[in-house]
Chemist: 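Got a structure here, written out as structure tokens. Questions coming.
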Amino acid sequence: MNTEQDRWSRVKGRLRSSVGEDVYTSWFARMDLESVQEESVHLSVPTTFLKSWIQAHYAERVLTCWQAEMPEVHRIDLTVRSCARHVAPAQEVIAPVVKTSHDTIPPGLRTDGRPAHELRATAIAPVAASHDAIGGSPLDPRLTFAGFVIGRSNTLAHAAARQVAEGRRGDVVMFNPLYIHAGVGLGKTHLLQAVAWAGNSGSERKVLYLTAEKFMYGFVAALKIQTALAFKEALRGIDVLIIDDLQFLQGKSTQAEFTHTLNALIDAGRQVVIAADRPPSDLESLDDRVRSRLAGGLVVEMGSLGEELRLGILKSRVAAARAHHASFDVPGPVLDYLARTITHNGRDLEGAINRLLAHSKLNNVSVTLELAEREVLDLIRPQEPKRIKIEDIQRVVARQYNVSRSDLLSSRRTANVVRPRQVAMYLAKTLTLRSLPEIGRRFGGRDHTTVLHAVRKIEALMSKDVALSEEIESLKRQLQE
Ligand code: ADP
Ligand code: MG
């Protein structure tokens, strides 16, 4: 791999350790290197929202990480790459724009002197007429049910999505909303878009797929200039509303509009499908009533991709690529190697196949284990530590001290609940990324100073009380298992 990409990998490594895995995956996972020119580095992200967020919050940090690798860098240019990044220049999406199929070239390979478009297949834009009435987000033609591989971690989510997709106009809606949550790259967008495609192709239902960003910037703005009546009229036309990445929904007025839309649609018996990176209870910026409405339908989590599922995804990617590049093949042992080592998410699996495809095409070589090992080195990451939830902490602590979870949340101040409560708050602070106010809220609406007091108290006790610190270590182990 060329040195620019090596550098970029190292910069990403620095960023990841500097901001932490969660922040990294939320904001930087989709950032790509476009080019490096003397004193400036050109990076790109897929959306305006990501761009402005990174600029507002992490500009310095990104620059510092670059300077650690290349002291001569003095400027970072961040741009939004088109959603159809290899097809058309960036544009505001009114009608659905469709991504190029199968051979999106990873940015890493666009720096080796050969223009990536040599490998591009022309996108065929399927008609999704109903989709653009209010301005849906673009749909990727690969993200259909046909291309979705089913495994243990996604069986339920897949079945629910299928059920929703097969509904007819006027059918009684079974679960509303359908709420799917999972970490980055585990197939949320794929499933949601599969529902959108199924609904758009030939069915009489109007399906609208929106990212939360699109909802914020497009939908709400459009609705605001209409009258309440026109708003209701527009809503009546939608049979299925799909919102992706709900965790990005921000701002009081947007949330009010979202709540309004959600209630109106559900009450009218229209289907709502939502994806987010966390369960409804953890959507901190939404108020309790919305959270409980979201939790009131069917909430399904998709777990991490097992090895078998990873292998299935790799195979389906190779098959898809072969439709356009018949000579491309990835031998079984290479697939096994990739499935075994790239454990993190589906995006990396896709990236690995893209790289092998680009490499074998550009250099006219066949794919070997050696090539694969070299090309995907940076996609192999150490296993991410388990995401621990506050509820789990409360449950484990309650069990350990033989109190109930509601005791922990209650206002009771007897010694037998005060100490376990403090231990649980301490664990919440040390094992999760939640803020003190958030932890306070999740412990029966306590003030953040109470949480801070608990954390300090337990720290102080642990330094002298060996039994307590062993107890806490054991709790941590139980939670991390
Ligand atoms: P998310 O929206 O959860 O971050 P995506 O839906 O964008 O994840 O998935 C990331 C990549 O992994 C996509 O290329 C997607 O097609 C692929 N992928 C994830 N899960 C599956 C699956 N079960 N079958 C086929 N491809 C999958
Ligand atoms: Mg997604």
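Ligands are counted one by one from 1 in listed order, and the atoms in each one are counted from 1 as well. One is the number of the first residue; the rest follow in order along the sequence.
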Chemist: Between Asp244 and Lys188, does the salt bridge (charged side-chain N to carboxylate O under 4.0 Å, His left out) criterion hold? Intermediate values first, please.
Modeler: CA-CA 8 Å; Asp244 202 354; Lys188 299 182 294 295; over 6 Å; no
Chemist: With sequence neighbours excluded, what pairs up with Arg152 under the side chain to side chain contact (heavy atoms under 4.5 Å, CB included) test?
Modeler: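 By the side chain to side chain contact (heavy atoms under 4.5 Å, CB included) rule, Arg152 matches no residue at all.
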Chemist: Under 4.0 Å between a Lys/Arg side-chain N and an Asp/Glu carboxylate O for Glu4 and Arg7?
Modeler: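 Salt bridge: no.
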Chemist: Is the ring pair Phe28/Tyr58 parallel, tilted or perpendicular, if the boundaries are 30 and 60 degrees?
Modeler: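 Taking Tyr58 first and then Phe28, their aromatic rings stand perpendicular (interplane angle over 60°).
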Chemist: Mark yes or no for whether Gln247, through its side chain, and Asp277, through its backbone, hold a donor-acceptor pair below 3.5 Å.
Modeler: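 Judged by distance alone, yes, a pair lies under 3.5 Å.
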Chemist: Which parts of the protein, at residue level, reach under 4.0 Å of ligand 1 through a heavy atom?
Modeler: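 Heavy-atom contacts below 4.0 Å: Leu143, Gly147, Phe148, Val149, Asn154, Gly183, Val184, Gly185, Leu186, Gly187, Lys188, Thr189, His190, Ile313, Arg317, Gly346, Arg347, Glu350.
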Chemist: Can you tell me if Asp329 uses its side chain to pair, donor with acceptor, with the backbone of Arg322 under 3.5 Å?
Modeler: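 Not a single qualifying donor-acceptor pair exists.
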